There are 2 protein chains.
Amino acid sequence: MSTPTGRRERKKAATRQKIADTALRLFLERGYDAVGIREVAAEADVAVTTLFSHFASKEALVFEQDEDFEQRLTRAVTGRAPQGPLIPALRREIHALVRHCTADGAAPIWHMIDASPALREYEESMRLRHAESLAAAIAADPGLSRSPTACRAIARFAIDAYALAREAADPQAAVDEIFRMIEAAWEATRPSGTRGAAGA
Amino acid sequence: MSTPTGRRERKKAATRQKIADTALRLFLERGYDAVGIREVAAEADVAVTTLFSHFASKEALVFEQDEDFEQRLTRAVTGRAPQGPLIPALRREIHALVRHCTADGAAPIWHMIDASPALREYEESMRLRHAESLAAAIAADPGLSRSPTACRAIARFAIDAYALAREAADPQAAVDEIFRMIEAAWEATRPSGTRGAAGA
DNA sequence: ACCGTAACACTAACGGTTAGCGTTTTGAAA
DNA sequence: TTTCAAAACGCTAACCGTTAGTGTTACGGT
C-alpha cells in the first residue's frame with residue numbers, strides 16, 4: 001500500500017510536477033495574470049484538459065505545495081505530548097509556518113500572491129477549510145472537553161493569527177502577541193471547576 | 001446635495017433596482033449557478049454591459065443590500081457611549097446582525113448562498129474587508145490604546161463570531177459563547193497597570 | 001438653445017473551465 | 001500470454017463571466 005506502485009503513478013506524478021513547475025516559473029517570470037492557462041499547458045507540453053485533470057483551478061497551481069499545511073496543523077494537535085497544553089503546541093506550529101513562508105526564498109511567491117486578488121481570495125478560502133479541519137481535530141481530543149463552537153472559534157483564531165502575522169512588520173512578535181489573546185480566550189472556555197491546573 | 005437632483009439619478013437607481021430584483025428572483029427560482037448573466041440582463045431588459053456598470057460582478061448582485069454591514073460595525077465602535085466598553089458594544093451589534101440574517105424572510109437567500117461555493121468565497125472576502133475597517137475604527141479610538149495587531153485580531157475574531165454563529169444550531173447562544181472568549185482575549189491586551197477598572 | 005457628460009447599448013472578444021468523445025497506456029485478471 | 005477495464009491524455013468546441021471599443025441617447029447646467 002505504501003510503495004507497491006509502478007510506472008503509471010510515477011508518470012502521473014511526473015506530469016503533475018512538470019505542470020506545476022512550468023506554471024510557477026511562468027507566473028514568476030511574467031506575472032500571474034499575464035500568463036494564461038493555454039500558455040502554461042503549451043509550455044508544459046500537455047493539453048489544457050490534462051492540466052485541469054491534475055489541478056482544480058488556475059489558482060491551485062500556485063498553492064500546490066501547501067497541501068501539508070492542513071496536516072501540520074492537525075498533527076500539532078493530535079501529535080502533541082499526551083495531556084499536553086493545546087495552545088502552546090498550536091503557537092509553536094503557527095510560528096514555524098509563518099517562519100516558513102516569510103523565509104527569503106519564498107518571498108517572490110508571496111509577493112505574487114499578494115499582488116493578485118484572485119490568489120488572495122483563493123488562499124483565504126483554503127485557510128477556512130484548514131480551520132474546519134483544525135476545529136475537528138481539537139473537538140476530537142478527549143482531553144479537551146469543549147463545545148463545538150468553542151473549538152471552531154479557537155481554530156479560526158489560530159488561522160487569523162497566521163494570516164495577520166504574515167502581514168505584520170515583525171511576524172514572529174505578532175504571533176506571540178495574538179497567541180496571548182488566544183490563550184486567554186481558551187482559558188475562558190474552560191468548564192467551571194477546572195481552573196488552576198495546567199491548561200490542557 | 002441630498003435630493004435636489006432629478007430624473008437622471010432616479011432612472012439610474014430604478015435601473016439598478018430592477019436588475020437586482022430580477023437577478024434575485026431568477027436566482028431563487030432556478031438556482032444561482034443555473035442562471036447566467038446574459039439571462040439576467042435579458043430579463044431585466046438591459047444590456048450585459050449595463051448590468052456590469054451597476055454591479056462589479058455576478059456575486060455582487062446577491063449581496064446588494066449588505067453594504068451597510070460595514071457601516072453598522074464601525075458605528076458600533078465609534079458611536080457607542082463615550083468611554084464605554086468596546087466588547088459589549090460589538091457583541092450587541094453582532095447579535096443584531098446575526099438575528100437579521102437568520103430571520104425567517106431571509107432564509108431562502110442564505111440557503112442559496114450556502115449552496116454556492118462562489119458566493120461563499122465572495123462573502124468571506126467581503127467579511128475580510130469589513131474586518132479591516134473595523135480594525136481601523138478600533139485603532140482610531142483614543143480611549144483604547146492597543147497595538148495595531150491587537151486591533152486587527154479582535155476585529156477578525158468578531159467577524160469570526162458572526163460567521164460561526166450563522167452556522168450554529170443556536171446562533172444567539174453561539175454569539176454569547178464566542179464573545180466570552182473575545183472578552184478574555186481583549187482583556188489580555190490591556191496595557192499593564194490598567195487592570196481592574198471598567199473595561200474600556 | 002446648446003454642450004458636456006453620464007447612462008445605456010451593441011459587437012466582439014478574452015480567459016478560465018468543462019462536456020463530449022476518441023486514443024493510448026498500463027495494471028491486473030483470465 | 002492474452003485480454004480487458006480503467007485511467008491518463010488529447011482534441012474540439014463550447015459555455016460563462018467579464019471587458020474593451022465604439023457609438024447613441026437622454027439629461028442637467030449654462
Side-chain angles (χ1 to χ4, degrees), chain A residues 1-20 22-24 26-27 30-64 112 115-123 125, chain B residues 1-20 22-24 26-27 30-64 116-123 125:
Chain A
M1 191 188 296
S2 48
T3 40
T5 46
R7 201 163 330 185
R8 185 129 98 195
E9 324 215 347
R10 251 182 294 127
K11 278 199 174 181
K12 175 165 182 172
T15 300
R16 181 192 163 89
Q17 198 57 43
K18 184 173 184 182
I19 294 172
T22 304
L24 200 55
L26 291 180
F27 290 161
R30 321 217 312 269
Y32 178 77
D33 293 318
V35 178
I37 281 288
R38 291 163 177 87
E39 198 170 352
V40 174
E43 185 88 3
D45 200 31
V46 297
V48 173
T49 45
T50 301
L51 188 153
F52 276 108
S53 77
H54 285 276
F55 299 91
S57 66
K58 186 187 183 186
E59 294 90 37
L61 286 167
V62 173
F63 292 99
E64 187 238 356
M112 176 183 83
S116 160
L119 285 177
R120 293 181 65 93
E121 214 168 303
Y122 182 87
E123 195 204 348
S125 69
Chain B
M1 188 190 295
S2 48
T3 40
T5 42
R7 202 162 333 185
R8 189 128 94 190
E9 324 213 348
R10 252 181 294 128
K11 277 198 175 182
K12 176 166 183 171
T15 300
R16 182 191 162 90
Q17 198 57 41
K18 184 174 185 183
I19 294 171
T22 304
L24 200 55
L26 291 181
F27 291 160
R30 319 218 311 270
Y32 178 78
D33 293 316
V35 178
I37 282 289
R38 290 163 177 85
E39 198 170 351
V40 174
E43 184 88 5
D45 200 30
V46 296
V48 173
T49 46
T50 301
L51 187 155
F52 276 108
S53 76
H54 285 276
F55 298 92
S57 66
K58 187 188 183 186
E59 293 91 34
L61 286 166
V62 172
F63 292 98
E64 186 236 356
S116 162
L119 286 176
R120 293 181 67 93
E121 214 169 303
Y122 182 87
E123 194 204 349
S125 70

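In what follows, chains carry the letters A, B, and so on, assigned in the order in which the sequence lines appear, proteins first and then strands, with residues in each chain numbered from 1. What you are looking at is a predicted structure, and each value in this text was computed from that prediction instead of being measured.
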Does any non-hydrogen side-chain atom of [Y] lie less than 4.5 Å from one of [X]?
| X | Y | answer |
| --- | --- | --- |
| B/Lys18 | B/Val46 | no |
| A/Leu24 | A/Met112 | yes |
| B/Glu123 | B/Leu119 | no |
| B/Glu121 | B/Glu59 | no |

Quiz item: Checking side chain to side chain contact (heavy atoms under 4.5 Å, CB included) for the pair B/Val62/B/Tyr122: CA distance, chi angles, key distance, verdict?
Solution: CA-CA 10 Å; B/Val62 172; B/Tyr122 182 87; over 6 Å; no
Figure out the [atom1]/[atom2] separation between [X] and [N], and round it to whole Å.
| X | N | atom1 | atom2 | answer |
| --- | --- | --- | --- | --- |
| A/Arg10 | C/dT25 | CZ | P | 16 Å |
| A/Phe27 | C/dG15 | CZ | P | 13 Å |
| A/Glu121 | C/dG16 | CD | P | 16 Å |
| A/Leu119 | C/dG16 | CG | C1' | 13 Å |
| A/Glu9 | D/dC9 | CD | P | 12 Å |
| B/Ile19 | C/dC8 | CD1 | C1' | 10 Å |

Quiz item: Heavy atom of residues 44-55 of chain A under 4.0 Å from DNA chain D: which residues?
Solution: A/Asp45, A/Val46, A/Ala47, A/Thr49, A/Thr50, A/His54
Quiz item: Using a heavy-atom distance cut-off of less than 4.0 Å, which residues of residues 33-43 of chain A contact DNA chain D?
Solution: A/Arg38
With rounding to the nearest 0.5 angstrom, report the [atom1] to [atom2] distance, [X] to [Y].
| X | Y | atom1 | atom2 | result |
| --- | --- | --- | --- | --- |
| B/Glu39 | B/Leu26 | CD | CG | 6.0 Å |
| B/Thr50 | B/Arg16 | OG1 | CZ | 13.5 Å |
| B/Thr22 | B/Asp45 | OG1 | CG | 9.5 Å |

Quiz item: Would you say a side-chain N or O of B/Thr15 is under 4.0 Å from OP1 or OP2 of C/dC8?
Solution: yes
Quiz item: According to a strict under-4.0 Å criterion, is A/Lys12 in side-chain N/O contact with OP1 or OP2 of D/dA7?
Solution: no
Exercise. Would you kindly compare A/Arg16 and B/Ala56 by the position of their nearest DNA chain D nucleotide and give the one closer to the 5′ end?
Key: A/Arg16
Self-check item: Given DNA chain D, 5'-ward residue of the pair B/Lys11 and B/Tyr32, judged by closest heavy atom
Solution: B/Tyr32
Quiz item: Do side-chain atoms of A/Lys58 reach the backbone of A/Tyr32 as a donor and acceptor pair under 3.5 angstrom?
Solution: yes
